[in-house]
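See below for the structure under consideration.
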Amino acid sequence: FILPIPNERLQNTSGNEWAADLIVGRLLKNGGREMLNANVYALQAGLFPGAIGIPRENDLRFYTEQRQPRVPMQDVQHYRMTYKRDQRHENGWFHFDLGWQWNDRRELSPPHAHGYIKSDPNDTEALAMSLHTLSFRLREEMDANEAGLQWEYGADASAQFQKVDGFEYLVPAYQRYQAGAFGLLRWKPNKTSSYSLSLRADGAYHESQEEFRQWFGAPDSMYMRSPHVEKRFFNVVYGFSWSHQIDELQSAYAHIGRSFRFPVAAELASNGVHHGTFRHELGDPSINAEHGHQLDLGWSYRSDVLSLKLSGFAAYFNNFIYLSPSGRFSPLPDAGQIYRYRQDRVWTHGTELSVHYPFLQNWEWTGLLEYTYAQNLRSQLPLPFIPPLLVRNKLEWSKAGWTASGEWVAAAAQFRTDRNEEETPAYQLIHLGLSKEWGDFLLGIALRNALNTVYLNHLSRYRILNLPEQGRNLIIRASYSF
């Protein structure tokens, strides 16, 4: 069915956020430094009621205050402290980093909107996730010797602990430990060429708890949403890099290596509606660490009148982890099809070209082209959620503190989609901007989507709802640097 959008405005999608950051430090002998950084971030944002819970037309008509979020909503608080020390010694540098983070996230929603008819209507805590992370890193960087050889080596480790609560379920409570050691050898035989060889070994332990939740409409029932998962991982990777200054204007680089990634808790044991993406996501406890081989190439040209950068990559994964639309409907009343985490052999490659051309006295043109190709070698179908070909062209004029700009953005249609994934048509956008700078003060105005084009973004979380992106919108910005 199709839900109406009153006044062409997505209700309850406003929010409030604030952040504070404090940095203190001191200089050490021989050019070293020591810093302590404390950061606090808070977000309170509404969730579109047309996609949270069982869709109902009445839920879209009772929001009169456009700038004040209300239930359903998300409440996020993030605290972070880091300590960093860089110490110079006789033969190089010693670096030490220590960090702590606490991410506390809650989603509030009326239980009846998710099918919990017999639950207390005042119990609106749908999801509560509290994640603590501890981490440290040691690294020593030696000075280059007479032959141009330079060593760097170190170790790092982290520990994570998550608790969950609420009448809904997405990911389990878990604990996770990870540690690794690495070595890097650089060789610069002359002023124009350099080489590097790297080796890294990592191990990880992950354990998530067995989780049960009440089944909607049956307050006395308990349903297992995810099993107990205990996994151990170990991996060794390597890399080789080369860079060369061809002449005064041109340079090139290349990198080839083996990569890996340990699966996260959501990929192993999620089983619920992710309200940030409007999907029922289902993990797989049998997923193992992802392995791949990749090649990166790049070339650049820089002069007073023209800058060019061309880069490309290619990668093969024998067990790439990705989220795939299954075509199977969710048993939950407030979800559509299930998206499952899978592993398959995958080939991917892509390229990026950027151009910067200043001309006349106050004008400059910037162009960008991006393209990514990804193929599932088992199913012989494209991978899901791959961006289409994108082209950007921006023309800018500046003089005496004034800056005016116009940008044309063109995205090709994305027809290379996975089974059960929607195709997305092409679109073109025009953005305009004007700003004035007075010393440390800047005032700017930007008109985004100036032609009020109706379009869908293939990677947007609203794509699954067939909701277009923002129409013509005005952004006013003021900033002061001190």
Side-chain angles (χ1 to χ4, degrees), residues 7-23 37 39-46 48 65-69 74 76 78 80 276 302 304-309 352-370 387-388 390-411 426-462 467-482:
N7 302 318
E8 298 183 347
R9 185 188 295 266
L10 292 186
Q11 305 298 318
N12 199 39
T13 53
S14 61
N16 304 306
E17 64 177 331
W18 68 272
D21 196 65
L22 175 65
I23 302 175
N37 177 219
N39 176 272
V40 179
Y41 172 81
L43 168 69
Q44 194 175 71
F48 177 50
E65 178 55 57
Q66 300 298 336
R67 298 188 181 277
Q68 184 60 43
Q74 58 178 326
V76 178
H78 184 261
R80 182 185 66 183
R302 182 185 294 271
D304 295 335
V305 295
L306 180 66
S307 294
L308 293 171
K309 288 185 179 180
E352 179 179 306
L353 172 64
S354 63
V355 184
H356 180 246
Y357 175 54
F359 62 99
L360 298 179
Q361 188 174 359
N362 308 104
W363 293 85
E364 60 182 57
W365 168 68
T366 303
L368 176 67
L369 181 146
E370 298 174 331
L390 182 69
V391 177
R392 293 180 178 271
N393 285 279
K394 185 175 182 180
L395 188 63
E396 189 173 274
W397 171 88
S398 58
K399 185 177 182 180
W402 286 95
T403 301
S405 65
E407 184 179 18
W408 170 65
V409 180
Y427 63 86
Q428 299 184 52
L429 303 174
I430 297 293
H431 305 312
L432 303 174
L434 180 66
S435 65
K436 171 62 176 176
E437 189 173 358
W438 296 273
D440 296 326
F441 180 75
L442 183 141
L443 180 64
I445 184 171
L447 184 63
R448 309 288 294 179
N449 193 4
L451 301 182
N452 204 30
T453 302
V454 178
Y455 71 102
L456 298 169
N457 183 339
H458 189 69
L459 297 187
S460 170
R461 63 176 183 165
Y462 291 112
L467 275 174
E469 298 298 300
Q470 281 191 331
R472 183 184 299 116
N473 60 97
L474 192 66
I475 300 174
I476 299 175
R477 180 170 64 96
S479 65
Y480 179 73
S481 303
F482 59 92

Tell me, do [X] and [Y] make a side-chain contact under 4.5 Å, heavy atoms counted?
{"X": "Glu407", "Y": "Arg392", "answer": "yes"}
{"X": "Leu368", "Y": "Val391", "answer": "no"}
{"X": "Arg448", "Y": "Ile475", "answer": "yes"}
{"X": "Phe359", "Y": "Val305", "answer": "no"}
{"X": "Val409", "Y": "Gln428", "answer": "no"}

Please say whether more than 12 non-hydrogen atoms of neighbouring residues, nucleotides or ligands are located less than 6.0 Å from CG in Leu22.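 Yes, enclosed.
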Does a sphere of radius 6.0 Å around CG in Asp304 hold more than 12 heavy atoms from other residues, nucleotides or ligands, not counting ones at 6.0 Å or beyond?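 Not more than 12 within 6.0 Å, no.
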Spacing of [atom1] belonging to [X] relative to [atom2] belonging to [Y], to within rounding of 0.5 Å:
{"X": "His458", "Y": "Ser460", "atom1": "NE2", "atom2": "OG", "result": "11.0 Å"}
{"X": "Leu451", "Y": "Arg472", "atom1": "CG", "atom2": "CZ", "result": "7.5 Å"}
{"X": "Tyr427", "Y": "Glu469", "atom1": "OH", "atom2": "CD", "result": "7.5 Å"}
{"X": "Leu442", "Y": "Ser435", "atom1": "CG", "atom2": "OG", "result": "5.0 Å"}
{"X": "Asn39", "Y": "Asp21", "atom1": "CG", "atom2": "CG", "result": "4.5 Å"}
{"X": "Asn457", "Y": "Tyr462", "atom1": "CG", "atom2": "OH", "result": "12.0 Å"}

Do [X] and [Y] pair up side chain to side chain, a donor and an acceptor below 3.5 Å, judged on atom types alone?
{"X": "Tyr357", "Y": "Glu364", "value": "no"}
{"X": "Asn473", "Y": "Asn449", "value": "no"}
{"X": "Thr366", "Y": "Glu396", "value": "no"}

So which atom in [X] and which in [Y] form the shortest heavy-atom distance, rounded to 0.1 Å?
{"X": "Ser307", "Y": "Arg302", "value": "OG-CG, 3.8 Å"}
{"X": "Tyr455", "Y": "Gln470", "value": "CE2-O, 4.0 Å"}
{"X": "Pro388", "Y": "Ala411", "value": "CG-CB, 4.4 Å"}
{"X": "Asn393", "Y": "Gly367", "value": "OD1-CA, 4.2 Å"}
{"X": "Ser398", "Y": "Thr403", "value": "CB-OG1, 3.8 Å"}
{"X": "Ala400", "Y": "Lys436", "value": "O-NZ, 2.8 Å"}

Side chain to side chain contact (heavy atoms under 4.5 Å, CB included) against Ala20, all qualifying residues, sequence neighbours excluded: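 Per chain and number, Ala20 pairs via side chain to side chain contact (heavy atoms under 4.5 Å, CB included) with Trp18.
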CA sep, side-chain torsions, deciding dist, call: Val355, Lys309, side chain to side chain contact (heavy atoms under 4.5 Å, CB included): CA-CA 7 Å; Val355 184; Lys309 288 185 179 180; over 6 Å; no
Donor-acceptor pair, side chain of Asn12 and main chain of Pro69, under 3.5 angstrom: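 Absent.
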Listed partners of Phe48 passing ring pair (Phe, Tyr, Trp, His ring centres under 6.0 Å), at least two apart: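 Listed in chain order: nothing, the list is empty.
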Test side chain to side chain contact (heavy atoms under 4.5 Å, CB included) applied to Leu369 and Leu390, step by step: CA-CA 6 Å; Leu369 181 146; Leu390 182 69; over 6 Å; no
Let's go through Leu306 and Leu308 carefully: what are the C-alpha distance in whole Å and the side-chain angles of both, what is the deciding distance for side chain to side chain contact (heavy atoms under 4.5 Å, CB included) to 0.1 Å, and is it a yes or a no? CA-CA 7 Å; Leu306 180 66; Leu308 293 171; 4.1 Å; yes
May I have the step-by-step check of side-chain hydrogen bond (donor to acceptor under 3.5 Å, both in side chains) for Glu17 and Tyr41, ending in yes or no? CA-CA 8 Å; Glu17 64 177 331; Tyr41 172 81; 2.6 Å; yes
